[in-house]
Amino acid sequence: MRVALEEQLNIAQATLQEESSLVLRMLRAVLNALAAADAELAADVIAFDDQVDEKYLRVEHLVEELVALQAPTAGDMRRVLAISRVNLHLERMADYCVTIAKTTQLTAGMGSDDNLLGWLEEMGSRAEEMIAVALNAFASLDTVAAESLIDLDEMIDRTNRRAVDRVVELAADPARREWSVRMLLVSRCLERIGDHAVDVGEQTAYLVTGEFREFTDASHPQAGD
């Protein structure tokens with residue numbers, strides 16, 4: 001029974017890694033779509049979400065089987081719970097990519113701003129880095145790497161503040177007002193992706209120590225985010 005449990009845990013964790021690779025592909029594609037105002041590429045991102053959902057459901061099924069059939073010990077149960085939580089964070093990251101893609105479709109052809117697009121790209125690139133760091137730390141139980149996410153998240157937050165200030169400036173221009181206001185949602189989505197990566201880092205610390213500790217208050221907004 002122990003061998004079977006370990007095999008299923010390894011399969012679940014490998015599926016998480018596959019899911020994170022899909023999320024990274026979605027994020028990069030939607031950033032490219034946003035920069036080019038490419039509605040067709042944005043539609044591809046939305047369709048791609050189905051593949052993430054398949055991985056998400058696969059992990060959840062494995063988790064349910066582990067709990068029901070394998071009678072995991074306390075230590076194994078901690079790993080099972082962490083895998084389930086990370087799975088949810090990845091699925092929500094993909095949902096934010098879909099939201100950005102839909103916003104890209106709505107704003108294609110509107111007047112834009114290179115400075116704001118540059119800051120959004122910077123936030124997205126940082127989020128990509130955070131996802132990779134978070135999942136690698138989770139796989140290797142590297143708490144030092146996990147806690148490095150705090151500083152990376154602060155970089156996203158700083159850029160987000162610059163983006164918000166730029167939106168306020170652009171709102172005075174009727175030709176770019178609607179586009180800029182909609183970019184607030186994009187900025188918020190990218191910020192939340194970073195927060196979810198921090199949450200994955202917290203699960204790494206939970207696995208290693210057995211105690212849950214929030215890295216930052218910002219990684220736990222109101223329910224529903």
Side-chain angles (χ1 to χ4, degrees), residues 7-34 38-70 79-108 120 123-139 149 182 185-204 206-207 219-225:
E7 286 178 352
Q8 281 195 280
L9 282 170
N10 289 337
I11 291 170
Q13 194 140 348
T15 307
L16 275 186
Q17 290 293 337
E18 293 170 3
E19 188 179 351
S20 70
S21 295
L22 294 176
V23 171
L24 283 169
R25 286 177 63 185
M26 284 183 72
L27 180 53
R28 176 38 50 193
V30 82
L31 290 170
N32 291 340
L34 180 68
D38 188 335
E40 290 186 8
L41 180 55
D44 290 342
V45 172
I46 295 169
F48 196 69
D49 186 50
D50 288 343
Q51 295 186 43
V52 174
D53 289 342
E54 288 175 6
K55 297 294 183 185
Y56 169 79
L57 292 173
R58 171 64 171 153
V59 173
E60 287 304 290
H61 179 68
L62 286 167
V63 166
E64 289 171 1
E65 283 190 339
L66 282 165
V67 173
L69 303 176
Q70 299 293 346
R79 187 175 170 193
V80 169
L81 291 174
I83 287 172
S84 181
R85 289 164 182 161
V86 171
N87 189 39
L88 180 58
H89 289 308
L90 288 171
E91 193 271 339
R92 287 182 174 174
M93 290 179 196
D95 287 345
Y96 283 118
C97 290
V98 168
T99 299
I100 296 171
K102 290 179 178 179
T103 303
T104 299
Q105 290 177 318
L106 288 171
T107 57
L120 293 174
M123 290 177 69
S125 296
R126 192 71 65 190
E128 288 177 307
E129 180 184 1
M130 290 180 70
I131 294 170
V133 169
L135 268 294
N136 288 336
F138 185 74
L149 292 163
R182 289 187 182 275
L185 177 58
V186 173
S187 182
R188 172 62 174 162
C189 287
L190 293 171
E191 182 187 34
R192 288 298 297 131
I193 290 172
D195 289 341
H196 279 291
V198 172
D199 288 335
V200 173
E202 291 172 351
Q203 292 305 313
T204 299
Y206 166 70
L207 266 181
S219 66
H220 292 278
Q222 294 180 351
D225 275 1

Side chains of Glu40 and Asp44 in contact at under 4.5 Å (non-hydrogen atoms): no
Any Tyr96 side-chain heavy atom under 4.5 Å of Leu190 side chain: no
Thr107 side, atom OG1; Leu34 side, atom CG - distance, nearest 0.5 Å: 6.5 Å
Residue pair Glu60 / Ser84: nearest heavy atoms and the distance that separates them: OE2-OG, 3.3 Å
Neighbour count >12 (heavy atoms, 6.0 Å) for atom CZ, Arg58: no
Audit row: Leu90, Val52, side-chain contact (heavy atoms from CB on, under 4.5 Å) steps and yes/no: CA-CA 8 Å; Leu90 288 171; Val52 174; 5.8 Å; no
Approximate separation, where rounding is to 0.5 Å, of Cys189 SG and Arg92 CZ: 13.5 Å
Donor-acceptor contact below 3.5 Å, side chain Gln13 vs main chain Ile83: no
Shortest non-hydrogen contact from Gly194 toward Met130: O-CE, 3.2 Å
Spatial distance of atom CG (Leu16) from atom CZ (Phe138) [nearest 0.5 Å]: 6.0 Å
pair Ser20-Val86: side-chain heavy atoms closer than 4.5 Å: no
Atom of Ala127, atom of Leu27 and distance for their closest heavy-atom approach: CB-CD2, 4.0 Å
Whether Ser21 side chain and Gln17 backbone form a donor-acceptor pair below 3.5 Å: yes
Asp199/Gln203 under side-chain contact (heavy atoms from CB on, under 4.5 Å): CA gap, chis, key distance, verdict: CA-CA 6 Å; Asp199 288 335; Gln203 292 305 313; 6.0 Å; no
His89-Arg85 side chain donor-acceptor pair, cut-off 3.5 Å: no
Salt bridge (Lys or Arg N to Asp or Glu O under 4.0 Å) involving Arg79 - partner list, sequence neighbours excluded: Glu6
Nearest non-hydrogen partners of Ala42 and Ala33, listed with the distance: N-CB, 3.8 Å
Qualifying residue, where the test is side chain to side chain contact (heavy atoms under 4.5 Å, CB included) with Leu120 and the options are Ile100, Leu31, Val186: Val186
Flag side-chain contact, heavy atom, 4.5 Å: Glu19 against Glu91: yes
Closest non-hydrogen atom pair, Arg182 against Leu106: NH1-CD1, 3.6 Å
Approximate separation, where rounding is to 0.5 Å, of Asp49 CG and Glu54 CD: 10.5 Å
Euclidean distance, Met93 CE relative to Leu22 CG, rounded to 0.5 Å: 13.0 Å
Val98 vs Met26, side-chain contact (heavy atoms from CB on, under 4.5 Å): CA-CA, chis, key distance, verdict: CA-CA 8 Å; Val98 168; Met26 284 183 72; 3.9 Å; yes
Pairing of Asp195 and Arg192 as salt bridge, 4.0 angstrom limit: yes
Within-4.5 Å side-chain heavy-atom neighbours: Thr104 and Asp38: no
Taking every non-hydrogen atom, the tightest pair across Ala29 and Val45: CB-CG2, 3.6 Å
Check against side-chain contact (heavy atoms from CB on, under 4.5 Å), Ile131 and Glu128: CA-CA 5 Å; Ile131 294 170; Glu128 288 177 307; 5.8 Å; no
